[in-house]
Amino acid sequence: MTHDYLIIGAGPAGLQLAALLERDGHDYVVLEAGETAGTFFTRYPRHRTLISINKVFTGSDDPEFNLRADWNSLLTDDPALRFANYSRRYFPAADDFVRYLKDFADGLNVLYGRKVQRVSRAEETFTVTTGAETFTAKRVVVATGVSQLYVPPIEGAELCERYDTVSVDPAGFENQRVLIIGKGNSAFETADALVETAAVIHVAGPHSVRLAWQTHYVGHLRAVNNNFLDTYQLKSQNAVLDGTVERIVRREDGGFRITFRYARTVERLREIDYDRIILATGFRFDASVFDESARPRLVINDRFPEQTPAFESVDVPGLYFAGTLSQQRDFKKSTNGFIHGFRYAVRALHHILRSRYHDVPWPSTPVDPTPEAITDAIVARINRSSGLWQQFAVLADVVTVENGTAKYHEEVPVSYLGPEPLAFVVTLEYGPGHDQVDPFDITIPRIAENDATTAHRASYLHPVVRVRRDGEVVAEHHLAENLENHWNIPPVHQEPLARFIKGVL
């Protein structure tokens with residue numbers, strides 16, 4: 001038989017889409033190479049502690065609001081499948097997440113031990129082969145994640161150990177000089193694990209270290225992995241090197257010698273010796289299974305498939321992407337690269353597929369077409385929504401007004417919006433330049449909290465309402481930022497918004 005949907009990968013994204021298709025009675029099958037759901041998480045992160053937070057106690061009993069502080073649960077109406085039932089740790093163990101995914105997969109049409117070997121396309125039908133089996137489908141959704149280590153173009157890179165295979169036993173590094181190439185969380189996770197045993201650790205890369213608490217991008221260096229920075233700045237024999245490793249050679253007496261080009265010192269080139277060198281330079285999409293008839297175009301150093309606003313390949317119709325692969329749409333800006341972001345992108349993809357192939361419009365609820373009713377609906381959502389909160393500036397609630405009728409649509413990708421005659425587009429956003437300021441520097445002046453007159457200058461997360469007419473933005477209103485993200489003070493938030501909407505209507 002030819003399936004409507006074939007999903008490759010039973011990680012969190014593949015399972016999220018499968019659960020939505022199952023709920024709505026669609027035909028689908030999931031092919032998973034491993035013997036269990038979430039195979040990736042049986043190996044990663046290598047030191048077995050997740051950096052996706054699991055804040056169980058929020059003071060609220062609203063499941064939607066609580067997903068703001070729950071970065072591991074998939075979207076489901078089943079309260080038993082909240083991750084808080086599997087771990088109470090703020091940074092949970094990876095093995096607990098594997099256990100969670102296994103339970104989430106129960107009842108879904110997942111076939112395990114099916115490693116995809118070839119994907120081809122002919123006459124609008126995909127053929128997917130897994131050893132002796134062949135599957136056909138009208139549409140393929142790739143949810144494999146970035147499964148291959150990205151190896152930068154460094155002469156001698158093949159001599160390095162790799163983050164995905166290097167030993168995680170610190171005892172094996174006693175009294176050694178270690179170079180870790182990369183400045184992301186995997187590099188610093190590795191460095192932190194070796195601080196007690198290695199003699200010298202250098203972490204090197206061409207770009208500045210970017211701290212997540214400053215940039216608000218959770219893929220930048222997280223505080224849980226940055227203890228190494230203390231050992232550098234407090235002169236404990238470790239260092240962060242800013243520049244490029246240009247060459248790696250093996251020394252005759254053992255170990256390695258690198259040629260390093262500094263980014264910001266008078267001494268431009270230097271040779272440095274190490275006992276061990278580890279590549280921790282991130283991951284990339286594995287496109288090797290696609291033949292020419294179905295091979296997607298790659299971008300960002302060939303690390304990701306290029307996608308339309310509908311998460312579809314730009315050059316292979318019917319080939320879609322879900323999960324961390326969808327971060328190509330908001331690379332290093334928002335949260336599509338992470339479970340707490342892409343779970344909403346997958347739900348949006350589900351709505352897109354239903355509207356394109358099953359004549360099911362994007363879900364909406366009617367709203368009285370008055371300034372007061374529209375304001376109340378917006379304020380209610382921005383104070384509890386998890387999707388807008390997690391997918392800041394990427395997903396929007398949209399209120400369309402046409403022929404005296406208003407409809408409220410939730411969590412539409414901003415880039416996917418059409419040319420509606422009149423729409424109020426609601427997002428949560430940080431202000432321009434928010435990632436360039438030290439938020440702990442008290443000498444830097446900030447705008448007053450709960451000040452409606454300066455709301456448009458806010459740098460912290462706050463609601464923005466834009467008016468679109470026939471697809472063009474014609475007006476914009478910012479709601480004042482609030483320390484505890486409560487945007488419901490009548491004279492500060494509701495009343496100015498109602499006046500703005502009334503002026504538009």
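The chain is numbered in sequence order, starting from 1. Predicted model, so just to flag it, every value in this text is computed and none were measured. What's counted below: heavy atoms across the whole structure, side chains too, no hydrogens, waters or symmetry copies.
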For this session: Apply salt bridge (charged side-chain N to carboxylate O under 4.0 Å, His left out) to the pair E411 and R381, showing each step before the final yes or no.
Result: CA-CA 11 Å; E411 298 171 14; R381 273 283 294 170; 3.6 Å; yes
For this session: Evaluate the salt bridge (charged side-chain N to carboxylate O under 4.0 Å, His left out) criterion for residues E306 and R297: first the C-alpha distance (whole Å), next the side-chain angles of each, then the deciding distance (0.1 Å), finally the verdict.
Result: CA-CA 6 Å; E306 187 175 6; R297 182 189 306 164; 3.3 Å; yes
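Few gaps surround CZ on R48; more than 12 heavy atoms of other groups in view lie less than 6.0 Å from it. More than 12 heavy atoms of other residues, nucleotides or ligands lie within 6.0 Å of CG in D78, so this atom counts as buried by the packing criterion. Within a 6.0 Å radius of NE2 in H358, other residues, nucleotides and ligands contribute more than 12 heavy atoms. Other residues, nucleotides and ligands place no more than 12 heavy atoms under 6.0 Å from the CG atom of D61.
R114 and E32 are not joined by a salt bridge, as no carboxylate oxygen comes within less than 4.0 angstrom of a charged side-chain nitrogen. Salt bridge annotation for D24-R354: present, with a cationic side-chain nitrogen under 4.0 angstrom from a carboxylate oxygen. Under the 4.0 Å criterion applied to side-chain N and carboxylate O atoms, E292 and R121 are not assigned as salt-bridge partners. A salt bridge links R466 with E476; the closest basic N to acidic carboxylate O contact falls under 4.0 Å. By the 4.0 Å N-to-carboxylate-O rule, R139 lies too far from E124 to be salt-bridged with it. Between R99 and D96 there is a salt bridge, since at least one side-chain N of the basic residue sits less than 4.0 Å from a carboxylate O of the acidic one.
In this structure, T335 OG1 and D330 CG are separated by 6.5 Å, a value rounded to the nearest 0.5 Å. For the atom pair OG1 of T324 and CG of N336, the computed distance is 8.5 Å after rounding to the nearest 0.5 Å. Atoms NE2 and NE2, from H456 and H477 in turn, are 11.5 Å apart once rounded to the nearest 0.5 Å. One distance of note links CG of L497 with OG1 of T375; it measures 4.0 Å at 0.5 Å rounding. For the atom pair NZ (K115) and CD1 (I8), the distance works out to 11.0 Å, reported to the nearest 0.5 Å. Here S355 contributes atom OG and W362 contributes atom CH2; the two are 7.5 Å apart, rounded to the nearest 0.5 Å.
A ring-centre distance under 6.0 Å is not found for F311 and Y320. Between F321 and F342, the gap from one ring centroid to the other reaches at least 6.0 Å. With ring centers used as reference points, F126 lies 6.0 Å or more from F135.
Using the six-membered ring where Trp is involved, Y86 and Y100 have ring planes that are perpendicular, over 60° apart on the 30 and 60° scheme. The aromatic rings of Y430 and H216 sit parallel to each other, their planes meeting at less than 30°, with 60° as the upper class boundary. Under the 30°/60° scheme for interplanar angles, the aromatic rings of F83 and F97 are found to stand perpendicular.
Side-chain N/O atoms of Y344 and Q390 include no donor and acceptor closer than 3.5 Å. Side-chain contact of D286 with S147: a donor-acceptor pair under 3.5 Å is absent, judged by distance alone. The closest side-chain donor-acceptor pair between H26 and D4, if any, does not fall under 3.5 angstrom.
Side-chain atoms of R329 come within 3.5 Å of backbone atoms of Q307 as a donor-acceptor pair (strictly under, hydrogens ignored). With hydrogens and angles ignored, the 3.5 Å screen pairs no side-chain donor or acceptor of Y460 with any backbone N or O of H434. Under the 3.5 Å distance criterion, the side-chain polar atoms of N72 are matched with a main-chain donor or acceptor of I53. R222 contributes no side-chain N or O that, together with a main-chain N or O of G219, makes up a donor-acceptor pair within less than 3.5 Å.
When L17, V141, L75 are each tested for a side-chain contact (heavy atoms from CB on, under 4.5 Å) with H350, only one passes: L17.
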